[in-house]
Amino acid sequence: MTPQTAAATELPAQYQPGEVETRRYERWAADGLFGVDPASDRPAYSIVIPPPNVTGSLHMGHALDHTMQDALIRRRRMQGYEALWMPGMDHAGIATQNVVERQLAEQDGKSRHDLGRDAFVRRVWQWKDEYGGRILGQMRRLGDSVDWSRERFTMDAGLSSAVGTIFKRLYDDGLIYRAERIINWCPRCLTALSDIEVEHSDDEGELVSIRYGEGDSAIVVATTRAETMLGDTAVAVHPEDARYAHLVGTEVELPFTGRRIPVVPDAHVDPSFGTGAVKVTPAHDPNDFEIGQRHDLPSITVLDEHGVITAHGPFEGLDRFEARPAIVAALREQGRIVAEKRPYVHAVGHCSRCNTTVEPRLSKQWFVKVEPLAKAAGDAVRDGRVAIHPPEQEKRYFAWVDNMHDWCISRQLWWGHRIPIWYGPAGEMVCVGPDEEPPSGEGWTQDADVLDTWFSSALWPFSTLGWPERTPELAKFYPTSVLVTGYDILFFWVVRMMMFGLYAMAGRQPFDQVVLHGLVRDQFGKKMSKSRGNVVDPLEWMDRFGADATRFTLARGVNPGADVAVSEEWAQGSRNFCNKLWNATRFALLNGATVAGPLPTELSTVDRWVLSRLHATVAEVDRLFEEYEFAKLCDTLYHFAWDDVCDWYLELSKPVLAAGGPAADATRRVLGEVLDVLLRLLHPVMPFVTDELWEALTGPGAGRSVMVAEWPTPDDARRDAAAENRIAVLQRIVTEVRRFRSDQGLKPGQKVAARLVFPADDAGVAAHEPLIRSLARLADAGDGFEPTASLTVADVEVALDTRGSIDVAAERARLEKDLTAARKERDGCAAKLGNEAFLAKAPEPVVGKIRGRLAAAEADIARLTDALEGLTGRG
RNA sequence: GGGCGCGUAGCUCAGCGGGAGAGCAUCCGCCUUACAAGCGGAGGGUCGCAGGUUCGAUCCCUGCCGCGCCCA
């Protein structure tokens with residue numbers, strides 16, 4: 001096909017997405033359709049993309065997330081909004097450093113320490129330029145209509161300045177502090193982690209009961225971490241535990257070390273767990289750390305940064321997982337092991353980046369004091385300034401913000417925003433703002449750590465718009481309209497962006513709405529994972545089925561609050577739907593459909609019917625978009641396009657178009673109208689095929705695209721209940737005849753002589769007898785017409801002459817089936833109407849409806865009984 | 001252990017007080033001049049179990065069983 005207009009006759013019989021998608025995307029970009037103008041008078045609508053990781057590539061989760069955002073943006077753009085979708089990536093501190101360190105080791109056999117900090121960071125930038133951001137090209141394939149001219153990266157100068165600015169502000173406000181605490185430590189990544197970067201799973205470990213001390217003064221503690229006993233500085237029991245009351249205040253000797261440690265009373269101890277006595281290791285357990293604080297216990301660190309035992313005799317140099325059995329064995333030799341349980345299943349934390357078991361570690365780190373920030377974040381939702389969809393997710397949000405721990409923001413990495421704190425020779429500590437000069441002179445050094453990536457990501461909704469500068473973009477597009485992300489990211493993204501947005505922007509929220517979607521799962525509802533081998537690559541789907549089919553499959557699965565199951569079969573179905581649209585448009589163009597001029601004032605019932613259905617669809621889809629009901633709006637469009645338009649309207653139009661004349665002209669215009677509006681409605685979800693077809697239908701032009709066509713608005717004046725009812729009856733008649741034909745085994749091409757009788761014709765269907773005959777393949781009742789069977793729909797009777805070839809047994813089976821259903825219906829209705837309580841208490845409309853159903857059922861029974869009697873003796 | 005959610009057709013999911021629905025899959029018949037990536041037709045469900053409220057429960061309430069997720 002040529003890059004020019006696809007004229008009707010040029011459209012191939014099947015839609016080929018590959019070439020169309022590339023060409024369309026390039027054209028949108030060339031025509032500048034993605035960009036926005038902050039100076040425009042149009043109302044603003046804005047979305048910032050949840051920045052993907054610079055090391056990442058597009059997976060199904062992104063594809064879903066982006067499809068939703070793109071659909072929202074495209075609709076608003078068509079509605080005339082200045083619609084900004086902001087693209088970019090985050091620098092993913094740990095992940096990126098890991099990738100580059102691995103590359104360095106493989107290519108040069110060096111560690112980052114061999115290079116030194118500055119050279120290593122330069123190397124990461126080189127890696128980023130060469131390999132980073134693969135996902136950006138993949139977003140183009142998906143059709144993301146982001147404003148590429150505004151692409152941002154969290155390590156850019158501007159965003160780095162934003163990081164420095166907010167750090168200083170928080171520091172000066174006393175909301176950032178440094179403290180020695182137990183933090184989550186990854187012994188492989190060699191850095192601290194925040195609480196949410198730790199994933200808990202129930203793992204098999206062991207529960208060992210160890211006897212400390214001798215004789216009457218002995219006490220037995222239960223632990224899953226025997227190896228940390230070298231750092232114990234107390235044994236704790238519940239203050240009201242009578243079993244140990246006599247031991248509180250005494251001391252026991254700690255094996256191997258000879259240290260004497262006290263037995264302390266602490267309400268934190270659960271008397272029902274294990275023996276009711278626990279070892280206390282303040283340097284290696286967060287709860288023990290708190291017990292230690294309460295009782296003024298020393299903290300003794302016995303594991304180094306790699307998780308290896310330090311000092312302390314025979315166990316020195318052993319990894320924590322080698323030390324555990326070694327220490328248990330040694331204790332057993334001493335007769336101190338009272339009980340052992342394994343496997344003992346308990347929750348264990350793992351590094352979300354490398355899955356290494358996290359080691360609680362006592363160290364000096366930087367923290368954000370979240371209490372006032374989290375309270376503001378909670379209040380913004382509580383008082384309705386920010387709405388969360390679906391609202392059930394609010395509970396999770398509140399549970400989190402109302403119980404948030406201080407946020408550990410320092411990371412022992414080189415790749416990231418270095419903490420802007422300088423330490424002086426005399427113990428001074430100075431926070432240096434982005435526009436300030438660091439203190440000069442002997443002995444001043446900058447803090448070696450960098451900030452958590454999420455610290456910079458939390459600024460994304462305003463740092464990308466130019467903050468801390470007061471830019472036109474910030475004025476126009478902040479607060480952003482909606483944030484779309486998975487519910488699993490609620491705590492990462494939403495909470496942190498809320499905290500920093502409200503803080504930095506004088507109480508103005510970063511977004512008005514939060515839309516949370518589920519996880520993409522496989523066709524059996526199972527989570528996709530490499531180990532399960534059920535991961536589907538969206539790029540492969542785009543290759544095989546097209547980007548539109550991929551997007552439609554995902555969007556059609558989005559029910560608020562639920563996960564999204566997908567499978568190849570459904571992607572195929574979506575591809576088939578693209579092809580259906582393609583061929584419907586092809587048919588229309590081959591038959592002279594047009595969008596020129598106003599709609600004719602004289603319209604047939606069929607034309608009025610389809611326009612009525614069209615505007616019902618417009619209204620429905622519009623409403624569903626507002627409610628983020630993607631599955632339902634996709635379904636509505638699918639059924640309107642396939643059922644109403646393709647199965648019925650196009651078929652009903654064929655005889656009209658074939659006959660020609662003014663009626664055909666009117667239908668050509670209505671056909672053009674229906675497709676024009678339908679393609680516009682579908683465009684946000686299926687941008688490529690709709691653009692290709694819309695141009696073919698409405699003609700080419702510079703800068704013309706369905707992407708910037710007007711979003712349809714529902715027109716109640718086009719709703720026509722009479723026409724809808726009339727066509728509904730017509731459809732039931734046709735369907736009933738087709739059912740008869742199928743039951744009788746008649747060939748689809750075989751015409752059957754029939755006579756149609758319209759006694760009252762309340763619905764006004766009689767005028768459409770030719771259409772009924774056409775769709776049901778009925779011939780005129782000529783001379784010698786002898787009805788051998790009859791069907792009744794509403795008050796219309798269709799008498800058929802099958803010329804003696806009727807299959808009596810099949811017809812009897814059919815009638816008996818209908819009769820059984822009718823009797824069941826009659827009995828059910830009669831039972832209700834025979835119930836005094838029902839008549840007395842049910843509302844009148846309900847009673848009336850049941851009366852009507854009873855009458856209809858009785859009429860059906862009479863008719864079917866007659867028909868069955870007429871059949872006896874024949875065959 | 002705490003909290004949230006879910007159990008409806010073979011699969012994935014809608015529906016959430018008055019006639020059990022969709023897509024895909026299945027079965028039957030069709031190359032009907034837009035489309036076989038298609039057309040026409042059909043079968044298939046004591047709506048997890050047990051109680052309760054109600055004239056009426058898949059839908060509301062309680063309990064139980066099973067599953068999932070988050071937090072500790």
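Quick note: numbers below take in every heavy atom, side chains included, and nothing from hydrogens, waters or symmetry partners. Here is the naming used below: chain letters follow the sequence lines, and residue numbers restart at 1 for every chain.
Within 4.0 Å (heavy atoms only), A:Arg556 reaches sugar-phosphate atoms of the nucleic acid but no base atom. A:Leu839 comes within 4.0 angstrom of no nucleic acid atom, judged by non-hydrogen atoms across all strands. Across all strands, A:Glu836 comes closer than 4.0 Å to no nucleic acid atom at all (heavy-atom distances). Nucleic acid contact class of A:Glu199 (heavy atoms, under 4.0 Å, all strands): none. Counting non-hydrogen atoms under 4.0 angstrom, A:Ala840 reaches nothing in the nucleic acid. A:Tyr15 comes within 4.0 angstrom of a base, heavy atoms only. Within 4.0 Å of A:Ala565, counting heavy atoms only, lie sugar-phosphate atoms of the nucleic acid but no base atom. Here A:Lys747 lies in heavy-atom contact (under 4.0 Å) with sugar-phosphate atoms only. If you check every strand for non-hydrogen atoms under 4.0 Å, A:Gln14 touches a base.
The base of B:rA14 has none of its N or O atoms less than 3.5 Å from a complementary donor or acceptor on the side chain of A:Glu629.
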Check nucleotides 3-8 of chain B against the protein and report each pair of N or O atoms closer than 3.5 Å, with its distance, or say if there are none.
residue: B:rG5; atom: OP1; partner: A:Lys395; partner atom: NZ; Å: 3.4

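Across all strands shown, B:rG38 is found opposite B:rC30 as a Watson-Crick or G-U wobble partner, with both distances under 3.5 Å.
Nearest-nucleotide positions on RNA chain B place A:Asp563 closer to the 5' end than the other of A:Val645 and A:Asp563. The nearest heavy atom of RNA chain B to A:Lys527 and to A:Glu651 marks one nucleotide each, and the one closer to the 5' end goes with A:Glu651.
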Exercise. Reading nucleotides 38-46 of chain B 5' to 3', which nucleotides get B (base under 4.0 Å from a protein heavy atom), which S (sugar-phosphate only), which -?
Worked result: SSBSSS---
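Spacing of P atoms, B:rA20 relative to B:rA9, comes out at 15 Å, to the nearest Å.
At the phosphate of B:rG18, neither OP1 nor OP2 sits under 4.0 Å from any side-chain N or O atom of A:Lys841.
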